[in-house]
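Presented below is the structure to which this report refers.
Chain identifiers are assigned alphabetically (A, B, ...) following the order of the sequence lines, protein sequences preceding nucleic acid strands; residue numbering begins at 1 within each chain.
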Number of protein chains: 2
Amino acid sequence: MDHRVTDPASRRVTLRDVADHANCSTATVSRALNSPEQVAVEVRARIDASIKALGYVPNGAARALRSQRSQIVGAVIPTIKYSIYARLIESLERRLAMDGYSLLLTTHDYDPVKELEQTQLLLTRGVEGIVLVGDSHDGGLHQLLAKHRRPYVNTYVFNPASKHPCIGFDNRLAAARAARYLHDLGHRRIAVITGPTKNNDRQADRLAGIRSALEERGLDLPSSMVIERPHLIENGREALEILFQLPEPPTAVLCGSDVLAFGVLSECQELGVSVPNQLSVVGFDDQDFAKHLRPALTTVGIPAVEMGIEAANYILRKLNRQPANNFTNLDVQLIVRGTTMPPAALSTQGKRAVPVSA
Amino acid sequence: MDHRVTDPASRRVTLRDVADHANCSTATVSRALNSPEQVAVEVRARIDASIKALGYVPNGAARALRSQRSQIVGAVIPTIKYSIYARLIESLERRLAMDGYSLLLTTHDYDPVKELEQTQLLLTRGVEGIVLVGDSHDGGLHQLLAKHRRPYVNTYVFNPASKHPCIGFDNRLAAARAARYLHDLGHRRIAVITGPTKNNDRQADRLAGIRSALEERGLDLPSSMVIERPHLIENGREALEILFQLPEPPTAVLCGSDVLAFGVLSECQELGVSVPNQLSVVGFDDQDFAKHLRPALTTVGIPAVEMGIEAANYILRKLNRQPANNFTNLDVQLIVRGTTMPPAALSTQGKRAVPVSA
DNA sequence: GGCGGGAATGTAATCGTATACTTCTGGCGC
DNA sequence: GCGCCAGAAGTATACGATTACATTCCCGCC
């Protein structure tokens, strides 16, 4: 038995209080809130007045417990730090808010174990659906999701062969397109500065896409031309510095993110490397700042806002038992700006291919 | 009466199931979860095994309803779009996660009514505490918070005269310091590009701080020298363009954010305005990119990460009934880099003050 | 040997709401 | 005038956990 005594004056206002005040039953008040059309107009008016007068705020926990609906959707993203996911989150939150849903946000720092834990925590909190990033997760995560039968969706990826619903784009193709573009311009010494590929299928796919696109053209990608670093501006700078200490520096560099590309441009200015004359640079994301860099950054534009909206739509449709596409492929665009052009001295490239001694 | 029939096989696993499986009462299982030291080691082991075997996940709604603790803290911020608040959110989420709390995130787009609604929604969801941005909110918001007796804290501001707890810095002083610095360098034609000041006491305070600092030095700030625009790079560019169409363009410009300053630098490069020779530029925030701009941006460094951590600490301490400072003032630094120097032609400034005709 | 007391566990009330089922009312058709 | 039905409101249970209080058991001490 629980005989706690609470000061009645400071007690939370409940449905019961509203019902008493409006002189009706709790069921009627509940109906007035959740399906007003079932309640007579005058009674409804009385109830509304009582709610205002008492300052009643429904108790979400009780509501969630009884109805099994929390009106909360969870998102598990790698990090907010790099602002890469800011646009996704922003549009997700907006779209959910339109339908009265709130967003519970969680990060895992590219650690699959933490991702699993955080997802479990979200389920504990009673989220009705979950938005994830990427297609490769801990095995336990899939079991968990299957067990709870909550709708979920992977974003930032598109893979119709996957067992899991996804909304995004094909990272391989997107990166491959950028690689082919550089090759078409005439570049043959192409370097890659990628974000961490460990536990990150998006970055890994982009790298793979570049590699295979170049191989199709008969070019291979030596390990000296691939540098992997977290998405920080200073890492882009450092990577460029390393590349320009090579006996044969690249004539073009593909970056795994605009942030890394920013660092590259910054360091080029520092070292006196002229872009795009001496070096072509391509970014990835098309963040706000990309078009305002000097020269303006050629980059791959991704549908961050659409992904957020579509992910919310997908979850909401599933929750309302409406049909929803499990696989949504969104457009990616190669946005050509000022940091790319054909390599300065196409003729000098021959030297490498045909040594004098041959 | 509620006679819903659910397939028992697919029913959610509850405490009851665990108790049955471990052959003990629900009370014991609950204790094993919440205060393990009260449960005998062997029983605890049995329970742990049962939890694993059944894949039990606690129901947060039930827990919250009974214990009045949701383990959720809410944050109401203006927007995530400009990435200005990303660092705050990141560190807030991290710190909360350390104590097993989750973050419910909400935005209001500088609309006080939406801010109020969103806060009410958070309270409905049962958040235990609330983190806000700024010190000026709708009156109804304060009533709401008072009524619910939930700990809350204003961030990004420091005002010991306020009735509300806050963690941040003095925006007036911070901006005034930057203004004095420019004056000390010898600048007399100083312009301001501010973010929206409507419903935004931080920006308004910064502008006021600049104005009064200049007035102290006998300089006034004509309205032609103040441009107000949302925090977008293109707006910084546009503002600079406008300023340089004036008959007497400024020799220095103070920006309400690094984002605006970014735009200014970008446009200067476009127009051939040399920074810092022709124009000194000061930003605000010290975002990641500031030090990597060319020239590196002189700016006001704010304690975004600390604010997140301290806000979380404050709420957590309040929830645990531990003493907590209601007013925390964090350090702000003027970070001098490459975009500021004395005005090019100090001598020419005299012309203005002493016309030939006098 | 009886009894006090503490540790471990069990029993059952309770949190605030949604909702299945019941009851009541009045209108309508025959 | 009677029965039927629809619409509106009421009654009371269940959601799944926490926790106050009751119970049991075992030990040690007088």
Nearest-Å distance, [atom1] ([X]) to [atom2] ([N])?
X       : N      : atom1 : atom2 : result
B:Arg31 : D:dG16 : CZ    : C1'   : 16 Å
A:Leu15 : D:dT13 : CG    : P     : 18 Å
A:Arg16 : D:dG10 : CZ    : C1'   : 11 Å
B:Leu65 : C:dA18 : CG    : P     : 12 Å
A:Arg63 : C:dC15 : CZ    : P     : 19 Å

**Message:** By the salt bridge (charged side-chain N to carboxylate O under 4.0 Å, His left out) test, which pairs, at least two apart or in different chains, include something from residues 114-133 of chain B?
**Reply:**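 Non-adjacent pairs meeting salt bridge (charged side-chain N to carboxylate O under 4.0 Å, His left out): B:Arg69-B:Glu128.
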**Message:** What I want to check is whether the side chains of A:Thr79 and A:Asp109 have a donor and an acceptor closer together than 3.5 Å.
**Reply:**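 No.
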**Prompt:** Does one side chain, of A:His164 or A:Asn159, offer a donor that lies under 3.5 Å from an acceptor on the other?
**Reply:** no
**Message:** Just to be sure I understand the geometry, which residues of residues 55-62 of chain A put a non-hydrogen atom under 4.0 Å away from DNA chain C?
**Reply:**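 Listed by number, they are A:Tyr56, A:Pro58, A:Asn59, A:Ala62.
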**Message:** I'd like to know if A:Arg66 reaches the base of D:dA14 with its side chain such that a donor and an acceptor end up less than 3.5 angstrom apart.
**Reply:**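 Flag set: donor-acceptor pair detected.
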**Prompt:** Residues two or more places apart in sequence or in another chain: which of them pass side chain to side chain contact (heavy atoms under 4.5 Å, CB included) with A:Ser136?
**Reply:**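 A:Asp201.
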**Item:** Set of residues satisfying side chain to side chain contact (heavy atoms under 4.5 Å, CB included) with respect to A:Ser50, sequence neighbours excluded
**Value:**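 Partners of A:Ser50 under the side chain to side chain contact (heavy atoms under 4.5 Å, CB included) test: A:Val18, A:His21, A:Ala22.
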**Prompt:** Do any side-chain nitrogens or oxygens of B:Ser25 fall under 4.0 Å of OP1 or OP2 in C:dG10?
**Reply:**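 Yes, because at least one side-chain N or O of B:Ser25 sits under 4.0 Å from OP1 or OP2 of C:dG10.
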**Prompt:** Between A:Asp48 and A:Lys52, does at least one N-O distance fall below 4.0 Å, as a salt bridge requires?
**Reply:**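 Salt bridge between A:Asp48 and A:Lys52, a charged N being under 4.0 Å from a carboxylate O: no.
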Do any side-chain atoms of residues 304-315 of chain B form donor-acceptor pairs under 3.5 angstrom with protein atoms, and if so which ones, sequence neighbours left out?
{"from": "B:Asn313", "atom 1": "OD1", "to": "B:Arg95", "atom 2": "NE", "distance (Å)": "2.6"}
{"from": "B:Asn313", "atom 1": "OD1", "to": "B:Arg95", "atom 2": "NH2", "distance (Å)": "3.1"}
{"from": "B:Tyr314", "atom 1": "OH", "to": "B:Asn326", "atom 2": "OD1", "distance (Å)": "2.7"}

**Prompt:** Reckon A:Ser30 touches a base, only the sugar-phosphate, or nothing at all at heavy-atom distances under 4.0 Å?
**Reply:**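 Result for A:Ser30 = base.
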**Prompt:** Contact class for B:Ala27 (heavy atom, under 4.0 Å): base, sugar-phosphate, or nothing?
**Reply:**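 Since a base atom lies under 4.0 Å of B:Ala27, the category is base.
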**Item:** Inter-axis angle, terminal five-pair segments of the helix from C:dG1-D:dC30 to C:dC30-D:dG1 [nearest 10°]
**Value:** 50°
